[in-house]
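Nothing here was measured: the structure is a model prediction, and the numbers come from that model. Chain letters run A, B, ... following the sequence lines, proteins first and then strands; every chain starts at 1.
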Amino acid sequence: MEGVGINGYLAVGAVLFVCGVICMATKRNGIGVLMGVELVLNGANVNFVAFSKFGPLGLDGQIASLFVIVLAAAEAAVALAIVLNFYNNHLTIDVDRANELQG
Amino acid sequence: MELLLFTVFAAAACGGAIAVVLSQNVVRMAFYLVISLGSTAGLFFMLNADFVGATQLLIYVGGTVVLLIFGVMLTASGPFLTIKSSPGDMVQAILVGALFLGMVVVTVLQVDWDGNAAKLESRYGVSSLERPGYNQRGEGHTTRSIGAALLGARFDKDLGKNREQPSTGYLLPFEIVSVHLLVVLIGAAYLARAKRRVNVPSEF
Amino acid sequence: MMPLLATETISELLREGIDLPVFDFWDIPPIGETGALILAAIVHVALLAGFFGLPAFAGIWAERKVSARIQDRLGPTRTGGRFGWLQSLADGIKLLQKEDLWPNAADSMLFRVAPYVVVVSSFAAFLFLPFSDGWVALSLDVGLFLALAILSLEVLGIILAGYSSGSKWSLFGGMREAAQMVSYEVPLGITAVIPVLIAGSMNLNEIGRMQSGWFWNWFIFHDPFTFLAFFVFFTVTLASNKRAPFDLAEAESELVGGFHTEYSGFRWSVFFLAEYASMYFVSALGVILFLGGWWTGIAPIDNFFRASGDWRVNYLGNVLGFAVLLIKSSKLVFLQIWIRWTLPRLRIDQVMVTCLKYLVPISCFLFLGATTWSLLAPGRVAMGMKPGLGARAIEAAVETPATESEAAIVRPVDDAHVAMSDDSSMIGGAK
Amino acid sequence: MSVSEILNGLIYGDLTRSIEVFCPEVLLCVTVIVLLLLRLFSLDHKIPPYVIALGGSVVAFVAVLLQFVFFTTGGAETNLGAGETLFSLFQLTEAGVGSPGELFTGLLMHDAFTLFFRLGLTFFLVLVVALTVLTGIPDNEDGPDFYTLLIGSTIGMMVATSANHLLMLFLGVEMMSVPSYVMVGFLKGRRSSSEAALKYVVYGAGTAGIMLYGLSLIAGLLGTAEFAELGPRLAYLIDGDGVTLSNPNIVVTLLGVMMVLVGLAFKLSLVPFHFWCPDAFEGAPAEIGGFLSVASKAAAFALLVRFLLAMTASGGGELESLNLYLGLALGVMAAVTMTFGNLAAYGQTNVKRLLAYSTIAHAGYMLMAVSAMLVITNAAESSGWSAAQVQDGAARCVEGLMYYLAVYLFMNLAAFAIVALIRNETFSEEIEDYNGLAHHSGTMTVLCVCMGVAMFSLLGMPPFGGFFAKLLIFASVWNAGSIHWLMWALVVIAGLNTIFSLFYYLRVLKAMFIAPRPEGVRSINMSGLVGAYVVVITLPILLMGASPLQNNLSATARYVASVLFP
């Protein structure tokens, strides 16, 4: 069988990462930005797991990605609560409308 | 076979991610995100990380994304469902993003990872996943090793080796993350719960 | 033991390249590894697809009959004979003929995709379900975990369906479902972990094997906590299947039809296919986790089939196990139907309160109790139960010299296999 | 090792020792749980939550203080009298707290540097809790939530300062930031507050993700996540190839380090990543602003120093030029940050916003020390410094950083606390509403005087602590100038900046002291307790300035810094 080397996985990780960054940069919807964050974290996770198989990182890579998943869930919960709170006060989740604090 | 599966999963993961970027509708974005994350779980299975893959499905796809969609439903009423980014921004971002992607991919792929790994392993020892005999029945059964590592014992690294100190176990993060989750949960619940009642009712 | 259909999976069987007589007969070259995998996949999918539809059709018919009896009616009586056996088939044919339409306000792409998400996740969960000893498509160490994970994806489809319909009834249904599912996954996970704790494995096949012998070996009789845990588990599965009294997502009296209000025809029927299939799935899961899986619970019968050297007898034993599992889980499905037509529907706030204020603390308590029990009585037998795999592995590790202890930790499951085939340890309880 | 050896080693060796050292964090966790249980059993109307929070943080502080004393004085040999009873109460042992080294199988580091930061953080926690009691920012109902978040965030910072593993680095950053997102939005009914929280969380989550990607690259490249091994492995990997951009290993390392720096720079509010800082501080209550500006910055600096040292410590000279480039890049960043912070502070009318820009500027000053440290550690061969000189120079940089942080703790907290206390009376945080506040009698005058002390110290005026802190940093950076001229330029820029900053700090004081009291404002009566609190947190600014104690304190900082450069 033709094996897939580490490079394929790293490329996927990079694509996820960059898509996430673009998503964070362009989306005006608060929840859209959060999705970008999830993509970025996932890109990193793909890297970790790929290194754990192909590199000398071993099981540590997999465990790191486990913790990242858990932390990402926590972060998403808080971010969502904040977005909801913002919505309750401003009746929109358009991040660009968060422009009252300036100076 | 492996190549075929990889192509399918990788294409779905990347395609989903790109669709998330291009889509303007939040709910569709969430759907593409599910595709992307789910395929990533598939990639994890291919990388012999079955436990991580399952966690990805259970927590990420089944939990976090559902939470996000829930948030969409609570906030995105009608007009806000599609908040469009201006096309100029989009084009700009995509150009910059493509450049950035090129940079990351070129840098990352230029590295001779296998060579590095061999070099490091020749000096620092073989990576634990490759150790024969620990993973039962073929590859990918990492649950036991992960479980032991989360309790601080690295049987995969330390068994039969002569080390003065035990290798890095993950007892501390495993425990402290629970505190973190508790704190975060309290915080999220605080923000999400309705504003305080003015006069405290005697009975709920 | 002949490996035929008694190895872990078909793919392993094929990969080992046994020369089936048919190969010689038609002069087929031996199968390569890739070929074996693909072939095994096709066989599994075909088998499971058949099995996936079956409970749905049987379930729908049973639901009609049972509900009719509970309401003092007759139910279907015409199609296919006196008991209306073919009613489900007739329903299916009618639904297939209906026009496939979607509302203007709907997000048409998501609207069309949503049913498939539901059906695929519900179907994929069957991949990890052992129907009998070794009859499992994917025998993974993370089997239970993964099965629950995939089952939880079902909710995603339902939320998407509710959301994309562009109707407020559907939206409400979807939101209720989201809230309900996310909450009920917590007690579901905790109660499902209790048998894992005792078995020391998340592999469903291993968990099932642990409960061989007399029926007091079943995990439900392991200790008082597991006994209660089963009932909590069953309650939670009702909710996670959106079955009454927790069927708020499709509460007809308030929400017209909830998330599937706008669906019709084939897509509508797909939701129901998935619902009945996952009803069966969670029942079978409950059976494997708590009710002795495919074992009859009468040790001599099981042992007769297992101990025999002849692979045909083994095979028969597996068929028997399959039948036993089917019967046991059908009982649970029947119970679900019974509950649905007997109990009134809860309000959504009551549903959430039931979960968060009662089921979660109770399941945590049970989990703690089960942990303490196995800590305090690690090698001891409660009602004839043998000590857990994990406990034995650790005991072996601590007591034996380094090299052997390494073997014990390294390959505990294989160790257990040896112990399993040793009937005296299996039936006689603790050594 | 066999199974039983591994388990015994863990349970009797590593774990016992680790928990002994980790005791303060555990105490804080217990405090959190007690707080929540209190509400569960509806006891929070009988016992106010702040009592528990204050008690818990004081106990934790005492625990760290004892550890610090035990550690620095050599523990058992001292005859402190009451100290020994306390030592035995917390069961401090020579093998545990007394000996530096790794904890939890290499995840955390226990040494004087960490202890110093943990001491500062717990002390700061006590002060902040006391402040919230005075200002009453969480009422009784929200108290448990608020203190849970505050303490949870502090635990994260304490973990972060002792991180010895890349995973712990990420975990620490997450643990300290996620609760603080909520805290920024704590006044959930206010539009500005929720907006501040949204901006903070969006930028914070994004940069954390980028940082994680960088961590994955570094960990994957070097095949380990332990700090102790990063540098040597990197040196081994590029062995002989030299540090050039044509070496892909170097490029990936740089990419990874840059991404990690993005995450840390966000926490430090360095210039390209500072957007959130003024908004978050303006929207958040001033107490939270004070907490974030000091505590999370201190923790992030500790992480930054540890991470950079780990990446660049090779044991040989292989990574020299890498250190130099990194150091210079950080130096440029520091210059831009302080200049931007000071310039942007000019136009502000809101005191909290002004202080936010001032914290940006201060982060710039402190970053100078880090950059000089990197530049100096590179110096061994190319500039003819002896090893002892390098050690000494680098230690001086860290000493300056730590002394600065210590002073900064008090002066910034004092400024934010006074803003919060004045807000409670005048309901305003605008500078023009501060007009003539000093003309009120009583406690308000005390507040204004203390504000003056804090401002002069922030500015860096001679008799106060801020001056000596700046002096230490400037001297150490000047010292590095003989290796690269850019360091001299940096000192000059910093000096000019100090002069710039004079104007906006003075503007606040001018409003308070010189501007006439507007007609018709009601007179303000504040309790004496408030004045006492403010005096207590202002006094250390003086003590760390021109006072006999100054020598002792900087000697301690010196000792603590020197452990990083053995």
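Of the listed residues (V179(B), L172(B), V183(B)), the greatest number of heavy-atom pairs within a distance under 4.5 Å of chain D belongs to L172(B). Most heavy-atom pairs under 4.5 Å with chain B, from the set L171(D), L222(D), L107(D): that is L107(D). Options V32(D), V178(D), L103(D) differ in how many heavy-atom pairs under 4.5 Å they form with chain B, and the most are formed by V178(D). Contact tally against chain D (heavy-atom pairs below 4.5 Å) for L109(B), V104(B), T168(B), L151(B): the top residue is T168(B).
K188(D) places a side-chain N or O within donor-acceptor distance of the main-chain N or O of Y190(B), the cut-off being under 3.5 Å. One N or O on the side chain of T105(D) and one on the backbone of G169(B) form a donor-acceptor pair closer than 3.5 Å.
Nearest approach of E174(D) to H180(B), heavy atoms of both residues: O-CE1, 3.7 Å.
Of the options D145(D), V182(D), L35(D), a side chain to side chain contact (heavy atoms under 4.5 Å, CB included) to I186(B) is made by D145(D) and by none of the others.
Contacts between V111(B) and chain D at a heavy-atom distance below 4.5 Å involve backbone atoms as well as side-chain atoms. Heavy atoms of V106(B) lying under 4.5 Å from chain D are absent altogether. Of the atoms belonging to M175(D), heavy atoms from both backbone and side chain fall under 4.5 Å from chain B. When heavy atoms are compared at a cutoff of 4.5 Å, V108(B) approaches chain D by way of both its backbone and its side chain. Proximity to chain B is absent for every atom of E25(D), based on heavy atoms less than 4.5 angstrom apart. In this structure, chain D has heavy atoms under 4.5 Å from both the backbone and the side chain of I176(B). Neither the backbone nor the side chain of Y181(D) comes within less than 4.5 Å of any heavy atom in chain B. Contact of F22(D) with chain B is made through the side chain alone, with heavy-atom distances under 4.5 Å.
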Candidate pair Y170(B) and H165(D), rule side chain to side chain contact (heavy atoms under 4.5 Å, CB included), full reasoning: CA-CA 11 Å; Y170(B) 292 89; H165(D) 192 271; 3.5 Å; yes
Applying side chain to side chain contact (heavy atoms under 4.5 Å, CB included), run through T148(D) and L182(B) and close with a yes or a no. CA-CA 9 Å; T148(D) 298; L182(B) 176 71; 5.8 Å; no
After noting the C-alpha distance and the side-chain angles of M103(B) and L255(D), does the key distance pass the side chain to side chain contact (heavy atoms under 4.5 Å, CB included) rule? CA-CA 10 Å; M103(B) 193 187 82; L255(D) 194 67; 3.8 Å; yes
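For the atom pair CG of L171(B) and CG of L10(D), the computed distance is 8.5 Å after rounding to the nearest 0.5 Å.
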